[in-house]
Structures are given as C-alpha cells and as structure tokens.
Amino acid sequence: MMKQLLILFFSSLLFINCGKAQGIKTITTQKLKELLSKDKIQLVDVRTPSELRYGFIESSLFINYFDKDFTEKAVSKLDKNKPVYLYCRSGNRSGKATKMLQEKGYEVYNVLGGYNKWKKENKQ
C-alpha cells in the first residue's frame with residue numbers, strides 16, 4: 001500500500017511539472033552582440049518613445065510595451081518562424097512582453113539587463 005502511494009505521489013509531481021507554463025528564455029548582452037554581428041535578427045525595443053532619446057540598439061524595431069495594442073502590433077510586425085529578442089531599460093517589461101508573445105506561439109528571448117547593461121558594455 002505504501003509503495004503504491006509513493007508511486008502515485010511521484011507520478012503526480014511529474015504531471016504537475018509538465019503542465020507548467022514554459023519558462024522565459026534569456027540571452028546575455030554579449031551573446032546578443034555576437035548574434036547581431038552575424039545575422040539580421042528580430043530585435044524589439046519595448047521602451048517608450050521618450051526613453052529612446054537615451055539611445056537604442058541599431059536595427060531595433062520599436063513597439064511600446066505600454067501601448068494598449070502592444071500584442072497586436074507585435075504580431076503584425078514579427079515573423080513567427082524566427083526567434084524574437086526583446087529588451088527594455090532593465091529587463092522587467094521585456095520579461096513580461098516575452099510571456100505575452102510566448103503565449104502567441106513565438107520563440108522569444110529576454111535580453112538580460114536590458115539597454116542599461118548593453119550601454120554599459122558597448123560605450124561608444
């Protein structure tokens with residue numbers, strides 16, 4: 001009886017873990033720089049227009065996370081067959097946006113540290 005209960009317990013844990021939402025994939029700013037040097041990638045800046053005056057990563061597509069129709073704009077501009085890389089100022093908003101696009105079936109990576117970290121590492 002005890003053995004059956006243990007088997008039931010462990011198998012239920014397995015099913016619970018399988019049902020959880022997909023975790024957020026991340027990429028470092030160094031890895032992002034490598035990718036940008038090799039390929040044209042789908043890089044999205046989710047900051048506000050006023051934040052852009054502090055700089056941005058070349059070749060970024062701008063879609064403001066705070067726009068009511070953020071998801072619709074992103075879906076209309078992005079290719080679902082290619083990975084998407086998102087960044088904001090520090091990584092918080094892009095993390096939330098990553099989840100939103102994952103739910104729409106995109107392969108999404110959140111850039112760790114956001115533009116603050118990028119700027120620190122890539123001073124012109």
Side-chain angles (χ1 to χ4, degrees):
M1 178 71 176
M2 187 65 163
K3 187 177 177 183
Q4 289 172 321
L5 282 174
L6 281 174
I7 291 171
L8 182 65
F9 174 74
F10 285 113
S11 59
S12 66
L13 282 180
L14 179 69
F15 287 115
I16 290 168
N17 286 335
C18 290
K20 284 193 175 173
Q22 182 182 2
I24 292 180
K25 295 178 182 179
T26 58
I27 186 171
T28 63
T29 47
Q30 290 106 344
K31 258 305 194 211
L32 179 65
K33 189 172 184 174
E34 282 177 36
L35 276 178
L36 286 167
S37 70
K38 295 178 200 165
D39 297 313
K40 182 170 176 9
I41 63 169
Q42 296 189 105
L43 178 62
V44 181
D45 186 333
V46 300
R47 296 176 299 157
T48 63
S50 63
E51 289 175 289
L52 299 180
R53 70 173 174 244
Y54 300 109
F56 53 88
I57 302 172
E58 292 288 324
S59 79
S60 296
L61 179 63
F62 303 102
I63 308 172
N64 184 355
Y65 173 77
F66 292 118
D67 285 349
K68 286 184 181 87
D69 58 349
F70 167 79
T71 306
E72 291 77 20
K73 282 182 180 175
V75 167
S76 73
K77 295 179 180 185
L78 298 170
D79 182 347
K80 208 179 250 187
N81 300 312
K82 296 178 184 172
V84 177
Y85 302 87
L86 300 177
Y87 73 95
C88 62
R89 187 175 51 82
S90 63
N92 188 25
R93 276 173 285 173
S94 55
K96 292 174 185 172
T98 295
K99 287 181 186 173
M100 293 163 75
L101 291 179
Q102 277 179 334
E103 288 171 7
K104 296 289 183 188
Y106 289 85
E107 179 184 354
V108 194
Y109 295 84
N110 184 24
V111 178
L112 294 171
Y115 186 71
N116 285 348
K117 188 161 171 69
W118 176 270
K119 193 172 181 180
K120 214 177 277 181
E121 293 174 355
N122 297 283
K123 292 179 182 169
Q124 273 90 27

For the residue pair F56 and F62, categorise the inter-ring angle as parallel (less than 30°), tilted (30 to 60°) or perpendicular (more than 60°). perpendicular
Have N110 and S94 got a donor and an acceptor in their side chains that come within less than 3.5 Å? yes
Rounded distance [0.5 Å steps], NZ in K82 versus CD1 in I41: 11.0 Å
N116 and S90: which non-hydrogen atoms are nearest, and at how many Å? ND2-CB, 4.4 Å
Could you tell me which non-hydrogen atom of K25 sits nearest to which non-hydrogen atom of V108, and how far apart they are? CB-O, 3.5 Å
With a 4.5 Å heavy-atom cut-off, do E34 and K31 have their side chains touching? yes
Nearest heavy-atom approach of V46 to A97 is CG1-CB, 4.4 Å
Return the set of residues passing side chain to side chain donor-acceptor pair (under 3.5 Å) with D45 (not counting sequence neighbours), or none when no residue passes. R47, Y87
What about the rings of Y54 and Y115, do their centers lie closer together than 6.0 Å? no
With rounding to the nearest 0.5 angstrom, report the CH2 to OG1 distance, W118 to T29. 7.5 Å
Interatomic distance, CD1@I27 vs CG@L86, rounded to 0.5 Å, equals 11.0 Å
Determine whether more than 12 heavy atoms belonging to other residues, nucleotides or ligands lie under 6.0 Å from atom NZ of K77. yes
Can you confirm whether K96 sits close enough to N92 that some side-chain heavy atom of one is under 4.5 Å from a side-chain heavy atom of the other? yes
For side-chain contact (heavy atoms from CB on, under 4.5 Å), just list the numbers for I24 and K99, CA-CA rounded to whole Å, side-chain angles, deciding distance to a tenth of an Å, and then say yes or no. CA-CA 7 Å; I24 292 180; K99 287 181 186 173; 3.6 Å; yes
Side-chain heavy atoms of P49 within contact of N64, under 4.5 Å: yes
Atom CD of Q102 and atom CD of E107: how far apart are they, to the nearest 0.5 Å? 9.5 Å
Measure the spacing between OG of S60 and CG of L36 and express it to the nearest 0.5 Å. 7.5 Å
M100 and Y65: which non-hydrogen atoms are nearest, and at how many Å? SD-CE1, 3.7 Å
Taking all non-hydrogen atoms of both residues, which atom of K117 and which atom of L112 are closest, and how far apart? CD-O, 3.7 Å
Looking at side-chain heavy atoms only, is the closest gap between L32 and I57 below 4.5 Å? yes
Report yes if some heavy atom in the side chain of V44 is under 4.5 Å from a heavy atom in the side chain of L101; otherwise report no. no
For D79 and N81, the nearest pair of non-hydrogen atoms, with its separation, is OD1-N, 2.8 Å
Excluding sequence neighbours, so at least two apart, what forms salt bridge (Lys or Arg N to Asp or Glu O under 4.0 Å) with E103? none
In Å and rounded to the nearest 0.5 Å, what is the NZ to CD distance from K104 to E72? 7.0 Å
